[in-house]
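What follows is a short report on a single structure.
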Amino acid sequence: MKHNEEMNEWCRQLEHLHLPRWNELPELDLYMDQVVTFIERYLGLFFADKQEKMLTKSMVNNYVKLQLIPAPVKKQYSRRHVALLIAITVLKQIVTIKEVKDGINNLAQVHGEKWAYNYFCEEMENALTLLQSCLKQKNAVLFGYINI
């Protein structure tokens with residue numbers, strides 16, 4: 001029964017998930033700790049193991065070395081950095097880092113970074129809405145009711 005309650009709670013959280021669009025990202029540049037905190041606030045729902053960090057300083061530094069994101073300017077990260085880090089943090093759970101880099105670069109070149117990022121957010125939310133709907137149906141079949 002505990003598993004069912006946890007699943008229901010996760011589904012409720014999915015209902016209210018909103019990834020920040022480009023214009024909702026911080027206008028002022030952030031330091032590393034602020035970036036990590038900002039991203040954890042929005043993406044914490046994706047990581048069941050709260051002990052496991054979804055984004056660390058080392059990861060960010062590696063993304064700079066791999067040229068997934070540009071180097072910070074005076075140790076500060078812009079709106080562009082934050083958008084890229086949100087996309088990378090989610091997508092790396094599904095595809096390889098090379099595929100993340102290629103996908104981001106291709107979409108950004110064709111449509112621009114702002115459009116590509118907002119498109120990513122919309123599609124993630126659409127996919128999660130579909131997932132939530134499927135989970136509700138599965139719970140209804142398994143437990144004979146829906147209490148979400």
Side-chain angles (χ1 to χ4, degrees), residues 2-139 147-148:
K2 184 179 181 195
H3 174 70
N4 184 40
E5 292 170 14
E6 289 173 357
M7 184 64 69
N8 286 337
E9 178 56 29
W10 193 67
C11 284
R12 274 191 285 283
Q13 290 175 4
L14 278 179
E15 275 183 44
H16 303 289
L17 178 76
H18 170 76
L19 293 175
R21 299 310 193 265
W22 186 270
N23 291 335
E24 297 170 311
L25 296 174
E27 292 180 33
L28 300 173
D29 292 347
L30 305 175
Y31 290 102
M32 175 79 76
D33 290 338
Q34 295 169 311
V35 170
V36 171
T37 300
F38 181 86
I39 291 173
E40 284 178 345
R41 183 175 58 191
Y42 280 98
L43 301 183
L45 179 62
F46 294 112
F47 293 84
D49 182 2
K50 301 302 180 195
Q51 301 302 318
E52 179 185 341
K53 290 289 189 180
M54 66 183 83
L55 185 65
T56 64
K57 294 175 184 182
S58 297
M59 289 177 192
V60 174
N61 289 330
N62 285 335
Y63 299 153
V64 171
K65 289 177 190 171
L66 293 170
Q67 297 179 341
L68 280 164
I69 64 171
V73 177
K74 298 180 184 176
K75 297 185 180 185
Q76 292 185 316
Y77 296 83
S78 67
R79 177 182 283 177
R80 178 180 183 217
H81 288 103
V82 175
L84 287 168
L85 287 168
I86 288 172
I88 292 165
T89 301
V90 172
L91 293 172
K92 75 177 184 178
Q93 307 302 314
I94 305 163
V95 297
T96 67
I97 291 293
K98 182 183 179 340
E99 292 168 325
V100 170
K101 182 178 182 179
D102 292 346
I104 288 171
N105 288 339
N106 290 339
L107 269 179
Q109 285 176 357
V110 172
H111 300 287
E113 288 179 332
K114 180 179 176 180
W115 183 93
Y117 174 73
N118 287 336
Y119 178 76
F120 160 77
C121 291
E122 290 167 17
E123 290 304 310
M124 278 301 303
E125 289 173 0
N126 290 338
L128 291 169
T129 297
L130 180 60
L131 172 64
Q132 189 234 14
S133 176
C134 290
L135 290 172
K136 276 185 177 181
Q137 289 175 356
K138 183 178 178 181
N139 272 354
N147 63 357
I148 295 177

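Interatomic distance, CG of L68 versus CG of N62, reported as 9.5 Å (0.5 Å rounding). From E27, atom CD reaches atom CG of D29 across 11.0 Å, with rounding to the nearest 0.5 Å. Note that CG of L128 and CG of L45 are 7.5 Å apart. Values are rounded to the nearest 0.5 Å. Within the model, atoms CE of M32 and OG1 of T56 stand 8.5 Å from one another, a figure rounded to the nearest 0.5 Å.
Closest non-hydrogen pair, V64 versus P70, comes out as CG2-O, 3.8 Å. Closest approach of A116 to A108, counting heavy atoms only: CB-N, 4.0 Å. Annotation for L19 and E24: closest pair O-OE1, 4.0 Å, computed over non-hydrogen atoms. Considering every non-hydrogen atom in both M54 and I39, the closest pair reads SD-O, 4.2 Å. Across all non-hydrogen atoms, the minimal contact from P20 to C121 is O-SG, 3.5 Å.
Enclosure of atom CD1 in I94 by more than 12 non-hydrogen atoms of other residues, nucleotides or ligands within 6.0 angstrom is indicated.
By the ring pair (Phe, Tyr, Trp, His ring centres under 6.0 Å) test, Y77 is found to be paired with H81, residues two or more places apart in sequence or in another chain being considered. Applying the ring pair (Phe, Tyr, Trp, His ring centres under 6.0 Å) criterion to Y31, with sequence neighbours excluded, gives no partner residue. Annotation: side-chain hydrogen bond (donor to acceptor under 3.5 Å, both in side chains) contacts of Y42 (sequence neighbours excluded): none. Checked against ring pair (Phe, Tyr, Trp, His ring centres under 6.0 Å), F120 has no partners two or more places apart in sequence or in another chain. Shown here are the side-chain contact (heavy atoms from CB on, under 4.5 Å) partners of N126, two or more places apart in sequence or in another chain: E123.
Using a 4.5 Å heavy-atom cutoff, the side chains of R79 and P26 are not in contact. By the 4.5 Å heavy-atom criterion applied to side chains, I86 and L25 are counted as neighbours. Residues L107 and Y117 fail the side-chain proximity criterion, which asks for heavy atoms closer than 4.5 Å. The closest side-chain heavy-atom distance from L84 to R80 is below 4.5 Å. Between V90 and L43 the shortest side-chain heavy-atom distance falls below 4.5 Å. Within the 4.5 Å cutoff, no side-chain heavy atoms of M124 are placed close to those of L17. L85 has its side chain within reach of V35: a pair of non-hydrogen atoms, C-beta onward, lies under 4.5 Å apart. Under the 4.5 Å side-chain criterion, counting only non-hydrogen atoms from C-beta, V60 is in contact with L55.
At a threshold of 4.0 Å, the pair R21-E125 counts as salt-bridged, since one of the basic side-chain nitrogens sits closer than that to a carboxylate oxygen. Classification of K57 and D33 as a salt-bridged pair holds, one side-chain N sitting under 4.0 Å from a carboxylate O.
Proximity of a side-chain donor or acceptor of K101 to a complementary backbone N or O of L66 within less than 3.5 Å is detected.
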Side chain to side chain contact (heavy atoms under 4.5 Å, CB included) between I88 and I104, worked out: CA-CA 9 Å; I88 292 165; I104 288 171; 3.9 Å; yes
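Within the structure, side chain to side chain donor-acceptor pair (under 3.5 Å) contacts touching residues 82-98 (residues at least two apart or in different chains) are Y63-K92, T96-E99, K98-D102.
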